[in-house]
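First comes the structure, then the notes that go with it.
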Number of protein chains: 2
Amino acid sequence: MPPTLKDVAERAGVSRAAVSRTFTDGASVSPKMRRKVEKAATELGYSPNALASSLTTGRTKLIGLVSNNFHNPIFLEVFDLFTRGLQDRGLRPLLVNLSNETDPANSIRMLRQYSVDGVVVASSTLPPGFAKSFRDAGVPVVHSFGRYSSSPEVHVVGIDNAECGRMAARELIRRGYRDVAFLGGPEGATSTQDRLRGFLEELARHPEIAVRHSFAEAYSFNAGRREMLKRLEDRPAEAYFCGDDVLSIGALSAVTGSGLTVPGDIGLIGLNDMEMAGWENINLTTIRQPISEIIGSSIELIVSMLENPDRYPETRLFPCRVIERGTLRPVPG
Amino acid sequence: MPPTLKDVAERAGVSRAAVSRTFTDGASVSPKMRRKVEKAATELGYSPNALASSLTTGRTKLIGLVSNNFHNPIFLEVFDLFTRGLQDRGLRPLLVNLSNETDPANSIRMLRQYSVDGVVVASSTLPPGFAKSFRDAGVPVVHSFGRYSSSPEVHVVGIDNAECGRMAARELIRRGYRDVAFLGGPEGATSTQDRLRGFLEELARHPEIAVRHSFAEAYSFNAGRREMLKRLEDRPAEAYFCGDDVLSIGALSAVTGSGLTVPGDIGLIGLNDMEMAGWENINLTTIRQPISEIIGSSIELIVSMLENPDRYPETRLFPCRVIERGTLRPVPG
DNA sequence: GAGCATTTTGCAACCGGTTGCAAAACGATT
DNA sequence: AATCGTTTTGCAACCGGTTGCAAAATGCTC
């Protein structure tokens, strides 16, 4: 139904090749020819079919954006930044929701059928092997918010989760807490494991401080709330480092709902600094993850892989920092 | 690089047409042939190129998912439901972020270049003309969360915003408020206009009740908070119907942050019933918008348009209902 | 095993573009 | 005006599939 190259060529009285050339930049076309073609094209309302041209050029400018996290509000920011960043570079995000899938094979097949030029895996809970299987299928891939590895097999952009754990521990120690805990996300998630590891590592240097940990079933408000309610049944710790902000807010709700106060009775520190953490009625002390930088860097990386698919895989980690708000008690003295 | 139809045909010692047929269902292939082809295909790891086939079939199974709302957490639920629903039907969402665009021409061109089979516009703030320009370009379109029109030009699926306004008014009246207000979203948004209209309409039947209204600059926490802070400077109303839940939560934060209580000093009712509204520390009374039904219906509609593009445009409205939580005072008596 | 209807298969053209190559047009030089 | 080097243009093959049509194969019946 929409006009094709041939229609334009006929109307302009030139060859199809000539039309094609006027629409691919860098091709040799005389000014006269260009005028003729452009006139015919606008008269017909022609715009080239990107999919047809992808057949010969081997480029679709389609990027698979794969995620399994459609419940944490931080991911709305993530999608916003990714879609805008990709669009600005003339790339189109093909969204894949992995929420109920476990097997990568399906989504790999699907993305190959649409011959995406590259894939961005945006998730802190998917195992590293997931991104790897895209690479094995010959598709350039970047794992955003993925796990640090000293010998990376795919590009990873994210934060040093273990360092965040240490950072949280130092912050709690600095404020004089003597009985602290980690309230993590799902036990299997690599991000949870790493944050816990760092947390324990740092606290191991302070044997006088009691440490414990437990896991919520998901990175979600309700999971955080439920887990904290369980902790409150027995004698709770003085302060909790929660796996992420949403968990923290759930935990916060459990604490205040039980008639205790934050930070009076219990201190809380989260991770992410999602928009909501700054809301007046939440005001969560947290560790800021520079998601905008992470995403910018991920896009830059995937773009560079379009030119050079065999680019040596690297890990890019961005520093986090503590954002002080109102859920930890002040530094003593 | 990936194996093509031809490779499979050669390996199986059959014609390319035969291979094509074994991969299109409903085509006539003998069991023997099918076995031969499938064997060769799995050996080579072949899977058909959806884009190439779209050239002849005219179907890409790509659906443009267009939105300008990447800040309201409710839209994460929206994206989740849309992507899952489309995937389940073998369709692929091509995400378009309209946040900084105002002119539809660009996105229309882009979606036509990728020959999407249809477009879903998911937004309550885009003008009706936006969806229309897709239709004019010959692309099947559904406007989800769009405005009701008695003579619709495109498919609209959503709620009756005016009725929601009336519903909120009735709820406030029922609880004995005598001085009420509408704290709307951006003045230009059709959803805001309609909600206000309904709200005023219902209150016009109760001249003894004072009514006023004002608008926030966006459907966002900060806008709601700022606007409510302004209202609090002067003598505020007894109760506010806020344009949506995010605005309500912002307003809630402004009220409690000013040392007043909800619903003691000021009552609040929102609209959407986003997940967060039910969180213990928010506990917002609100009007539930059945987003899952709206999205299911939108998908059903766009799917049916793939078969029958000239389907007569209809408006589908879903009923809302009040979810009673803790931000309005109890019914007197 | 011949004759027939039915199914299966391959040929070849086509979908909407791109691109290597050679012919045509152009411009400069003598 | 003839020669030569450059640029511009068109031809035709190709990208990875699909599909109408006719030929080949199959299954039945007698």
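- Counting only distance, with no hydrogens or angles, the side chain of A:N72 and the backbone of A:F75 share no donor-acceptor pair below 3.5 Å.
- Nearest to the side chain of B:T56, among D:dT18, C:dT19, C:dG16, sits D:dT18.
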Protein-nucleotides 20-26 of chain C N/O pairs under 3.5 Å:
{"unit_1": "C:dG20", "atom_1": "O6", "unit_2": "A:R21", "atom_2": "NH2", "d": "3.1"}

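- Across the protein-nucleic acid pair, B:L44 atom CG and D:dG17 atom C1' stand 16 Å apart, rounded to whole Å.
- Per the geometry, CG belonging to A:D7 stands 10 Å off C1' belonging to C:dG16, to the nearest Å.
- The distance between atom NZ of B:K6 and atom C1' of D:dA13, rounded to the nearest whole Å, is 12 Å.
- For B:K36 and C:dT9, the NZ to P distance is 8 Å, given to the nearest whole Å.
- Rounded to whole Å, the distance from CE on A:M1 to C1' on C:dG16 is 16 Å.
- Residue B:L5 contributes atom CG, which lies 12 Å from atom P of D:dT19 at whole-angstrom precision.
- Across all non-hydrogen atoms, the minimal contact from B:A131 to B:V141 is O-CG1, 3.6 Å.
- Contact annotation for B:T24: backbone-only contact, meaning every heavy-atom pair under 4.0 Å involves sugar-phosphate atoms and none involves a base.
- The CD1 atom of A:I291 sits 11.0 Å away from atom CD1 of A:I159, with the distance rounded to the nearest 0.5 Å.
- Among D:dG10, C:dG16, D:dG17, the nucleotide with an atom closest to any side-chain atom of A:T4 is C:dG16.
- Separating the CZ atom of B:R59 from the P atom of D:dG16 is a distance of 24 Å, rounded to the nearest angstrom.
- Contact check, B:S53 against D:dG17: no side-chain N or O comes under 4.0 Å of OP1 or OP2.
- Proximity of A:Y114 to the phosphate of D:dG16: no side-chain N or O atom is located under 4.0 Å from OP1 or OP2.
- Looking at which nucleotide of DNA chain C each of B:R16 and A:V19 is closest to, the 5′-most match is held by B:R16.
- Distance A:L51 CG to C:dT18 C1': 15 Å, rounded to the nearest Å.
- Heavy-atom nearest nucleotides on DNA chain C were determined for A:S20 and for B:L55, and the one closer to the 5' end corresponds to B:L55.
- Residues that satisfy the side chain to side chain contact (heavy atoms under 4.5 Å, CB included) test with A:V303, not counting sequence neighbours, are A:R89, A:L91, A:I299.
- Atom CG of B:D88 has more than 12 neighbouring heavy atoms from other residues, nucleotides or ligands inside a 6.0 Å radius.
- If you run side chain to side chain donor-acceptor pair (under 3.5 Å) between B:R147 and each of B:T190, B:D194, B:N161, B:T315, only B:D194 comes through.
- Taking the six-membered ring for Trp and the full ring otherwise, B:F79 and B:F70 have centroids separated by under 6.0 Å.
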